[in-house]
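Just so we're on the same page: letters track the sequence lines, and every chain starts at 1.
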Amino acid sequence: MAHWLFKSEPEAFSIDDLRKKKKGEIWDGIRNYQARNYLLTAAVGDRVFFYHSNEKPPGIVGLAEITEVNVVDPTQFDAKSHYYDPKATKAKPRWTTVKVTFVEKFPNYISLDELRETFDGAELMVVRKGMRLSVTPVPDDVAAQLMEMAHEKR
DNA sequence: GCCAACGTTGGC
DNA sequence: GCCAACGTTGGC
């Protein structure tokens with residue numbers, strides 16, 4: 001079981017929005033090849049740290065689980081969608097993603113500042129300067145530490 | 001295939 | 001709201 005970190009702007013889609021989706025939700029709108037390529041290596045059962053960007057402060061709010069892989073992102077075919085991609089066709093889709101479901105909202109919010117104090121860029125990509133990728137892998141030992149930080153009594 | 005211009009992300 | 005970082009586009 002691998003671990004990931006997915007970024008989302010809570011104004012667009014928050015962990016509370018995901019919690020309401022009983023059947024899970026397609027993680028749509030990924031339009032970066034590196035992020036997509038990471039998603040192609042994800043497996044059902046992988047765990048996802050849900051990160052809120054553009055929040056004060058930004059940080060990890062909870063956990064999700066991948067329930068389906070190789071999901072063709074339907075928004076690429078929708079001319080009305082913000083994520084419409086005219087170069088994508090049904091025969092040759094460009095953007096595949098995953099479906100995720102809510103697992104938990106953490107008792108402790110782990111802010112970006114705290115992540116920076118605990119991990120360096122080699123351990124956790126999101127703390128790297130200028131890191132804009134919205135999908136990044138999280139090594140197992142870092143994931144275990146994050147789970148502790150998320151649940152320890154403070 | 002280079003690279004300038006442009007657009008987006010996301011912390012601050 | 002600013003702007004650094006950086007990915008993408010398109011002219012050549």
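Comparing B:dG10, C:dT8, B:dC12 against the side chain of A:Lys7 picks out B:dG10 as the nearest. Counting only heavy atoms from C-beta on, A:Asn54 has its side chain closest to B:dG11 among B:dG11, C:dT9, C:dG7. When the nucleotides B:dG11, B:dT9, C:dA4 are ranked by their closest atom to the side chain of A:Lys129, C:dA4 comes out on top. When each of B:dG7, B:dG11, C:dT9 is scored by its nearest atom to the side-chain atoms of A:Arg132, the top-ranked nucleotide is B:dG7. The side chain of A:Pro58 lies closest to B:dG11 when the candidates are C:dG7, B:dG11, B:dG10.
As a whole-Å value, the separation of A:Arg94 CZ from C:dT9 C1' is 11 Å. In this structure, A:Leu112 atom CG and B:dG10 atom P are separated by 12 Å, rounded to whole Å. One can place CE of A:Met131 at 11 Å from C1' of C:dA5, the figure rounded to the nearest angstrom. Here the C1' atom of nucleotide C:dC6 and the CD atom of A:Gln34 are 11 Å apart, to the nearest Å. Here B:dT9 presents its P atom at 17 Å from CD of A:Glu55, a figure rounded to the nearest Å. Atom pair A:Asn32:CG and C:dA5:C1' shows a separation of 13 Å (rounding to whole Å applied). Between A:Arg128 atom CZ and C:dG7 atom P there is a gap of 12 Å when expressed in whole angstrom units. Distance, A:Arg31 CZ to C:dT9 P: 12 Å, rounded to whole Å.
For the pair A:Asp140 and A:His3, the minimum side-chain heavy-atom distance is below 4.5 Å.
Geometrically, A:Lys21 does not engage A:Phe102 in a cation-pi contact, judged by NZ or CZ lying under 6.0 Å from the ring centre and within 45° of the ring axis.
Between A:Arg116 and B:dC12 there is a side-chain polar atom (N or O) within less than 4.0 angstrom of OP1 or OP2. Considering only side-chain N and O atoms, A:Tyr33 lies nowhere under 4.0 angstrom from the phosphate OP1 or OP2 of C:dC6.
The stretch residues 43-64 of chain A participates, sequence neighbours left out, in these salt bridge (charged side-chain N to carboxylate O under 4.0 Å, His left out) pairs: A:Arg47-A:Glu65.
For the residue pair A:Glu104 / A:His151, a side-chain donor-acceptor distance below 3.5 Å is found, with atom types taken as modelled.
With salt bridges taken as basic N to acidic carboxylate O contacts below 4.0 Å, one links A:Glu114 and A:Arg154.
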**Asked** Dot-bracket for DNA chain C: what is it, with Watson-Crick or G-U pairs under 3.5 Å, [ ] where a pair crosses earlier ones, and | for a pair to another strand?
**Response** ||||||||||||
**Message:** Checking A:His82 against A:Tyr84 for the ring pair (Phe, Tyr, Trp, His ring centres under 6.0 Å) test, could you report, in this order, the C-alpha distance in whole Å, the side-chain angles of both residues, the deciding distance, and whether it holds?
**Reply:** CA-CA 6 Å; A:His82 176 64; A:Tyr84 177 60; over 10 Å; no
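A:Val138 and A:Val61 are not part of a single hydrophobic cluster, where members link through side-chain heavy atoms under 4.5 Å apart.
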